[in-house]
Amino acid sequence: MNLSLENLVNQKMQNAFAKLGLDSKFALVKVSDRPDLSDFQCNGALALAKSEKKNPREIATQIADILATDADFAKISVDGPGFLNISVANEYIAKNMQNIADDKMLGVEKIDNPKTVVLDYGGPNVAKAMHVGHLRAGVIGESVSRIERFLGNNVISDVHFGDWGTPMGMILAEIINHDGDLSKATTYNVDEITEFYKNANIRCKEDEDAKQTARVITAKLQDGDAEYRNAWQHIRNISVDAVKQNYEALDVNFDLWLGESDAHEASGDVVEMAKQMDLAEMDDGALIMRLEETNKPMPPTILIKRDGGFGYQITDIATIKMRVEDLKADEVYYFVDQRQSLHFEQVFQSVEKLKFAPNLVMKHYGFGTVNGKDGKPFKTRDGGVMTLENLIKMSKDKVRESIPEAGEVDGYGDVEIEKLVNQVAIGAIKFQDLKNNTASGYIFDLEDFAKFEGKTGPYIQYAIARINSILRKAKDKSMEPAQIVINNKEERDLALKIAQLNAAIMRAHNEKEPSVIADYAYTLAQVFSSFYNAAPIMSAETKEIAQSRLSLAKLVRDILVKLLYLLGIESPEVMLKKS
Ligand code: ARG
């Protein structure tokens, strides 16, 4: 059901245009730039004036005359050279609010023909602790996944674990260097493996031979060498376990835990395909596929590396083939650091050249980095890499500064306080990330990100808890939400803000941009706050008004809970604040 006020008014406008024989594509209605003058505006008459060879004011006046017969409008005026300013009737807004409150989707329109959308927002690597660099992919991707699902798409998320490149050979070589062979490889834990990888990195930086050895081992591993595979399998398993814990802590979820290694066979198929289509050629010992230069140099795709073995590009190309064939993907979206944009251009162009997914929509949504105050990549206080674990711990410590301790509040022992601290700390981290436009990086605001005031996750959680408390107190006085009526300016302003929910979610969906939702949630919470200060509920003039305001409050609560959910953030029933 389409309950968006903007769309409903748009429909009425289209009907009026059609009645006059005017092209209804010009009937576009948008939320007014001048809320003091009108709720909505339409500039279509100006656009039509030329083709209709008429004065735009004359056209606008004709339209206004038709609209004026509709009791759902309170005021229609033609202003300036031919702008249509439209205000809707309070009864119409009230009816709309009631319909939204009664609707399971909160008035948000479902997608007409649902698509199978594969989302790739993981990309952690074997033997590397997850750090802030992995935060954005997971946090943005999880939110987009929830938005798409809410709108009715068939979403399949895949972690695309980095488990098949040269680092694998580097780790195996390092273990061999250390132990003489791989006999102990399956006894190591994830910290030990991480240490091996660190040392391998140092060694390979200085020593070209060591690097070559690692490449050869990688190629052999990929070819199926039993001993290498056995050791690798163990290393992969324990790395996946560690990564799963990290994602769980962040409430970031995946349907599929596939890795680059799972695309091995398909990579072979892609190489065959390229050969058969005469797109493959040898170049300096490697098998490559040349790409078209667009407006910048475009390096070729490497199908098989010089020392044998598949690299990063071919793995992604083959993974797309699997996503189309096995998962029946209509769309594939990547939430990966924008520094990888050239890689994705190469991958997408390769897929187009190989013609195996002609109808697939593919897009890379690159994000900027999380920086510290100095503008450099975010580090711990002592200059170390900011691991996700560190970050979460830091956020919890910060939240503890504002929340009472266990035992200070009735019913809040260790378990309850820990749960609350966790919900708020994760909410703070995620909101701080998601309130920023995906493409831009941001400075991690250590001072303010976990505050209960300002544009933060905890502020929205607090706004929700406050409404919960209003509803509880009303209930104690046997006051339940009932029929919505709109009488005064505060109610009207709040309702018109609520009416923008659909547009906000649609924009977030179209642009794959959760920050639109974060922005909207923040303004809605603010508008509610002004409403509540100016239009008291329990001391309203009549019981009907009080119950209507309660309904509006409940609706705002339900919307904010849904919006936080779409951002991947939980809404505690109660928030505690140190006095
Ligand atoms: N593992 C990669 C890295 O750490 C990121 C993978 C992103 N996803 C993808 N399909 N390429 O750089």
Side-chain angles (χ1 to χ4, degrees), residues 1-97 99-100 107-113 115 151 294-295 359 361 363 486 489 492-493 495-513 516 519-520 523:
M1 201 176 358
N2 196 331
L3 294 175
S4 146
L5 201 55
E6 194 177 338
N7 292 353
L8 292 169
V9 174
N10 212 24
Q11 192 56 54
K12 287 174 183 283
M13 187 63 82
Q14 283 185 13
N15 294 345
F17 271 57
K19 244 187 200 160
L20 291 167
L22 300 169
D23 187 346
S24 60
K25 90 164 183 259
F26 294 103
L28 199 70
V29 167
K30 53 179 195 143
V31 173
S32 175
D33 296 335
R34 292 282 309 271
D36 53 324
L37 291 182
S38 64
D39 303 330
F40 298 97
Q41 63 190 58
C42 171
N43 302 342
L46 294 159
L48 269 170
K50 226 186 184 159
S51 60
E52 293 293 315
K53 297 196 184 62
K54 271 191 189 155
N55 175 329
R57 269 196 80 93
E58 195 186 317
I59 303 177
T61 308
Q62 283 180 324
I63 300 167
D65 288 344
I66 293 181
L67 297 177
T69 62
D70 187 337
D72 292 339
F73 295 124
K75 195 175 139 226
I76 313 281
S77 64
V78 176
D79 297 299
F83 300 119
L84 275 162
N85 274 307
I86 306 132
S87 289
V88 281
N90 286 347
E91 297 73 25
Y92 190 54
I93 303 180
K95 202 170 87 197
N96 183 249
M97 286 300 116
N99 286 338
I100 290 175
V108 177
E109 46 183 312
K110 281 216 165 195
I111 286 170
D112 289 336
N113 48 2
K115 299 279 173 23
L151 296 178
T294 37
N295 45 5
N359 301 317
V361 181
K363 200 168 156 113
I486 302 288
K489 184 175 172 335
R492 207 172 189 283
D493 287 349
L496 288 173
K497 193 76 221 164
I498 292 173
Q500 290 168 15
L501 171 69
N502 181 66
I505 294 186
M506 281 304 138
R507 229 187 98 202
H509 153 70
N510 286 325
E511 298 171 17
K512 306 285 174 274
E513 186 61 80
V516 179
D519 270 338
Y520 175 74
T523 3

Exercise for review: Would you list the pairs meeting salt bridge (charged side-chain N to carboxylate O under 4.0 Å, His left out) in which at least one residue belongs to residues 86-97, sequence neighbours left out?
Suggested key: none
**Study point:** Flag side-chain contact, heavy atom, 4.5 Å: Ile86 against Asp39
**Key:** no
Study note, to complete from the structure: Asn96 meets the side chain to side chain donor-acceptor pair (under 3.5 Å) criterion, sequence neighbours left out, with none
**Study point:** Lys497: salt bridge (charged side-chain N to carboxylate O under 4.0 Å, His left out) partners, not counting sequence neighbours
**Key:** none
Practice item. Over all heavy atoms of both residues, which pair between Val516 and Ala504 is shortest? Give the atoms and the distance, please. Key: CG1-O, 3.5 Å
Exercise for review: Using a 4.5 Å cut-off on heavy atoms from C-beta on, say whether the side chain of Leu46 contacts that of Pro81.
Suggested key: yes
Revision key, fill the gap. Tightest non-hydrogen contact, residues Ala60 and Gly82, listed as CB-O, 3.6 Å
Point to revise | For Ala64, all residues meeting side chain to side chain contact (heavy atoms under 4.5 Å, CB included), sequence neighbours excluded | key: Ile76, Val78, Leu84
Check your understanding: Among pairs that include at least one residue of residues 55-76, which meet salt bridge (charged side-chain N to carboxylate O under 4.0 Å, His left out), considering only residues two or more places apart or in two chains?
Key -> Lys12-Asp70, Lys12-Asp72
Point to revise | Residues forming a side chain to side chain donor-acceptor pair (under 3.5 Å) with Asn90, sequence neighbours excluded | key: Arg492
**Study point:** Verdict with reasoning, Val108 to Met506, per side chain to side chain contact (heavy atoms under 4.5 Å, CB included)
**Key:** CA-CA 8 Å; Val108 177; Met506 281 304 138; 4.2 Å; yes
Practice item. Grab the two heavy atoms, one from Leu67 and one from Ala16, that are nearest each other, plus how far apart they are. Key: CD2-CB, 3.9 Å
Review point. Do Tyr92 and Leu8 pass the side chain to side chain contact (heavy atoms under 4.5 Å, CB included) test, and can you show the C-alpha distance, the side-chain angles, and the key distance before you say yes or no?
Key: CA-CA 11 Å; Tyr92 190 54; Leu8 292 169; 3.4 Å; yes
Practice item. Output yes when a side-chain donor or acceptor of Lys512 lies under 3.5 Å from a complementary backbone atom of His509, and no otherwise. Key: yes
Practice item. Could you tell me whether the side chain of Phe26 reaches within less than 4.5 Å of the side chain of Asn43, counting heavy atoms only? Key: no
Review point. Is Leu496 close to Leu5 at the side-chain level, that is, under 4.5 Å between some pair of heavy atoms?
Key: yes
Review point. So how far is it from Asn15 CG to Ser24 OG, rounded to the nearest 0.5 Å?
Key: 9.0 Å
Study note, to complete from the structure: Hits for salt bridge (charged side-chain N to carboxylate O under 4.0 Å, His left out) against Lys115, two or more places apart or cross-chain, chain-then-number order -> none
Study note, to complete from the structure: By salt bridge (charged side-chain N to carboxylate O under 4.0 Å, His left out), Lys54 pairs with (sequence neighbours left out) none
Review point. Where do Ala45 and Pro56 come nearest, in terms of heavy atoms and distance?
Key: CB-O, 3.6 Å
Exercise for review: Go through Ile66 and Gln62 one step at a time and tell me if the side chain to side chain contact (heavy atoms under 4.5 Å, CB included) criterion holds.
Suggested key: CA-CA 7 Å; Ile66 293 181; Gln62 283 180 324; over 6 Å; no
Check your understanding: Given side chains that start at C-beta, do those of Leu151 and Lys110 come closer than 4.5 Å, heavy atoms only?
Key -> no
Revision key, fill the gap. Minimal heavy-atom distance between Cys42 and Met13, with the atoms involved, is CB-CE, 3.6 Å
Point to revise | Which atom of Thr523 lies closest to which atom of Asp519, heavy atoms considered | key: OG1-O, 2.7 Å
Would you mind writing out the side-chain donor-acceptor pairs for residues 30-38 within the sub-3.5 Å range, not counting sequence neighbours?
residue : atom : partner : partner atom : Å
Ser32   : OG   : Arg34   : N            : 2.9
Ser32   : OG   : Arg34   : O            : 3.2
Ser32   : OG   : Ser38   : O            : 3.3
Ser32   : OG   : Ser38   : OG           : 3.1
Ser32   : OG   : Gln41   : OE1          : 3.4
Arg34   : NE   : Asp36   : OD1          : 3.1
Arg34   : NE   : Asp36   : OD2          : 3.4
Arg34   : NH2  : Asp36   : OD2          : 2.9
Ser38   : OG   : Phe40   : O            : 3.3
Ser38   : OG   : Asn85   : OD1          : 2.8

Review point. Considering residues at least two apart in sequence or located in another chain, which fulfil the side chain to side chain donor-acceptor pair (under 3.5 Å) criterion with Asn10?
Key: none
Practice item. Tell me, please, which residues at least two apart from Asn7 pass side chain to side chain contact (heavy atoms under 4.5 Å, CB included). Key: Asn2, Ser4, Glu109, Asn502
Review point. Listed by chain and number, what are the side chain to side chain donor-acceptor pair (under 3.5 Å) partners of Glu513, not counting sequence neighbours?
Key: Thr438, Ser515
